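The structure appears right after this line, and notes come after that.
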Amino acid sequence: MTLIEPRLSRGLRDLLPEDTLARQHMIDVVRGVYELYGFVPLTTPAVEYLDVLSGSGGQEIQQSIFTVSNPEEEQLGLRFDHTVPLARVIAQYKELPKPFRRYSIGPVWRADKPGPGRFREFVQFDIDSVGVQSELADTEIICGICDSMEALGVSNYQVRFSSRRVLNLLLAYASITPERSVDVFRVIDKLEKIGPKKVRLELTAGYTDESGDRITGLGLTAEQADQIEKFIAIRSPKRADVVKELGGTFGSVPGAAEEIAVLEKMSHNLDVAGYRDDRVIIDLSIARGLAYYNGPVFETILMDAPQFGSVFSGGRYDDLVMRFLGERVPATGASMGVDRLLAALRALDKIRLRKSTAEVLVTTFDSSMKDDYTAMTFELRRAGIRTELYMGTDRAGKQIKYGDRLEIPIVLLYGPDEKAKGVVTIKDMSAGRARAQQLTGSRDRWLQERPGQFEVPRAELVAAVRKLLAEPPAFTERT
RNA sequence: GCCGAAGUAGCUCAGCUGGCUAGAGCACUAGAUUGUGGAUCUAGGGGUCAAGGGUUCGAGUCCCUUCUUCGGUACCA
């Protein structure tokens, strides 16, 4: 018999229970925030028609789409984000009430070459408001980002926003054609990463980096680069100052006053909602690389883990539905990089890792008492306590060890002795974990001490377990 | 895509100018301990030395090719 090697195609990975629980927890928290805002969930298939995904043109785009075959031999592919399927749904279900404010959570696929921290299948959490032109919609997305970060226990973060329209006006002012503007945005967006010198070189003549790689410049003139530098030099920790200076320097550019006013309104809305300069700033170097953004753009940095880059970013994209309807539908939204944020939260020690969902393990070390164990287990489950019944008749040591390895906080011991006395032995596993740190050698003492163990009347089992679960554990747990 | 580095047990690695049956630590399994987690002791399982070819009496070690992984860089709708 030829054995099949267990393996995964490159760029794909498994998430073992511990990782899945951490991810689930994070998603639940953020979902809770946006449901608090009244967003509704939307689920679309992983597979879409290829032309729906890639539009009429876009060969580059098609290269990173995984194609899929079906019996009808249709041209299909896996979605690479949630935004395009959303645009399709908007166009297809015209009866949907507007504004349509929805969130989508699920895997997306990109057939790129995987790199460190980059996979071919990854989960995105998207929130979008469709059908609202008002900057209130953009503001609300930003507020939700802030609330999400705080609900996740991160206080030191910064949401930075800018506006593509303001940037576009600037580029026009610097005599840069609209076709080139996306290239320019891409370079400006690197400011934080590579510094102003390299940005200037990349905007103009290009340069050769340390590894000998040739970076092609955009070929702008020195005057054009000057203009761009003058613009992105406008920075301040206070939103009002940025708006003011922007108005002073560029207010006379045709159409600029109107767009600067949008930034001002957003800033005002944020103030009213209670999100001040310490959390949300205007940063004119935020451009985002995506071509379809046409209004406010924003991103989120964890100040204690900036190396992870933006963990939650987005912007306004009023023209995406055009592809399907031929008419403009205003839309704005953001996408949370679930895996990136999770990695950052782990680095910051903000995620409690759990190996099991069970709070209680019922051990079964006397085979004549199987019915007692089953009854006990379901009694706890009906009381809403997450309970695992040990399967098998291994000796007590193994069963307790199993609970220990899965970090189940409570283990129940119930044998003939307990039954005769009408009690259950409850074992608070955290106590033993703390004790084991101090105790060296001496197995006898370890056996005698039985840390964290106590008996309660069998009838009071549920109440006692509830009480113990409500108490703070004896050892320090991450929240 | 480009530049660089590395691939030996599940993980981290040792293995000298080519030479006994390829090792260690950790992890895992079992026992000491069939009613108690940790520590300790004992035993055990686990390897196509990334793959293929070449040189050689002999290759984990040298040469070539391919693959993969990790850095950096570019791209990222």
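Computed from a prediction, not measured in an experiment: that's the story for all the values here. Side-chain atoms are counted along with the backbone in the values below, which use heavy atoms only and exclude waters and symmetry mates. Every chain is numbered from 1 and lettered A, B, ... according to where its sequence line falls, protein lines coming before strand lines.
A side-chain donor-acceptor contact under 3.5 Å links A/R110 to the backbone of A/F80.
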Quick one, A/Y34 with A/Y103, criterion ring pair (Phe, Tyr, Trp, His ring centres under 6.0 Å). Give me CA distance, side-chain angles, the key distance, then yes/no.
CA-CA 8 Å; A/Y34 283 99; A/Y103 65 86; 7.9 Å; no
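Checking the phosphate oxygens (OP1, OP2) of B/U36, no side-chain nitrogen or oxygen of A/W446 falls inside 4.0 Å. Not one side-chain nitrogen or oxygen of A/R110 sits closer than 4.0 Å to the OP1 or OP2 atom of B/C75. The side chain of A/R186 contributes no N or O atom lying less than 4.0 Å from OP1 or OP2 of B/A77.
Between the NZ atom of A/K401 and the C1' atom of B/A39 there is a distance of 11 Å, rounded to whole Å. The CG-C1' distance, from A/D394 to B/U29, rounds to 12 Å in whole Å. Distance A/F185 CZ to B/C76 P: 14 Å, rounded to the nearest Å. In this structure, A/I400 atom CD1 and B/G38 atom P are separated by 10 Å, rounded to whole Å.
Checking B/A77, B/G35, B/G37 against the side-chain heavy atoms of A/M429 singles out B/G37 as nearest. With distances taken from any side-chain atom of A/K427 to the nucleotides B/G38, B/A77, B/U36, the minimum falls on B/U36.
Between A/R288 and A/R450, the one whose closest nucleotide on RNA chain B sits nearer the 5' end is A/R450.
In this structure, A/Y292 reaches the sugar-phosphate backbone alone: every heavy-atom distance under 4.0 Å involves primed, P, OP1 or OP2 atoms, never a base. Using a 4.0 Å heavy-atom cutoff across all strands shown, A/G397 reaches sugar-phosphate atoms only and no base atom. Counting any heavy atom pair closer than 4.0 Å across all strands shown, A/E418 reaches a base atom.
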Can you give the dot-bracket line for RNA chain B, where a pair is Watson-Crick or G-U wobble with both atom distances under 3.5 Å, crossing pairs use [ ], and | marks a partner on another strand?
(((((((..((((.....[...)))).(((((.......))))).....(((((..]....))))))))))))....
Quick one: which protein N/O atoms are closer than 3.5 Å to N/O atoms of nucleotides 31-34 of chain B? Pair and distance per line, please.
from, atom 1, to, atom 2, distance (Å)
B/G31, OP2, A/R395, NH1, 3.2
B/U33, O2, A/R443, NH2, 3.1
B/U33, N3, A/R443, NE, 3.2
B/U33, N3, A/R443, NH2, 3.4

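Neither side chain, A/D394 nor A/Y402, offers a donor N or O lying under 3.5 Å from an acceptor on the other.
Ion pair A/D318/A/R164 not flagged as a salt bridge, since none of the NZ, NE, NH1 or NH2 atoms sits closer than 4.0 Å to an Asp/Glu carboxylate oxygen.
Heavy atoms only, all atoms of each residue included: A/R200 and A/A222 are closest at NH2-O, 3.4 Å. For the residue pair A/P107 and A/H82, the shortest heavy atom distance occurs at O-CE1, 4.3 Å.
Judged by distance alone with a 3.5 Å cut-off, a donor-acceptor contact links the side chain of A/Q453 to the base of B/U36.
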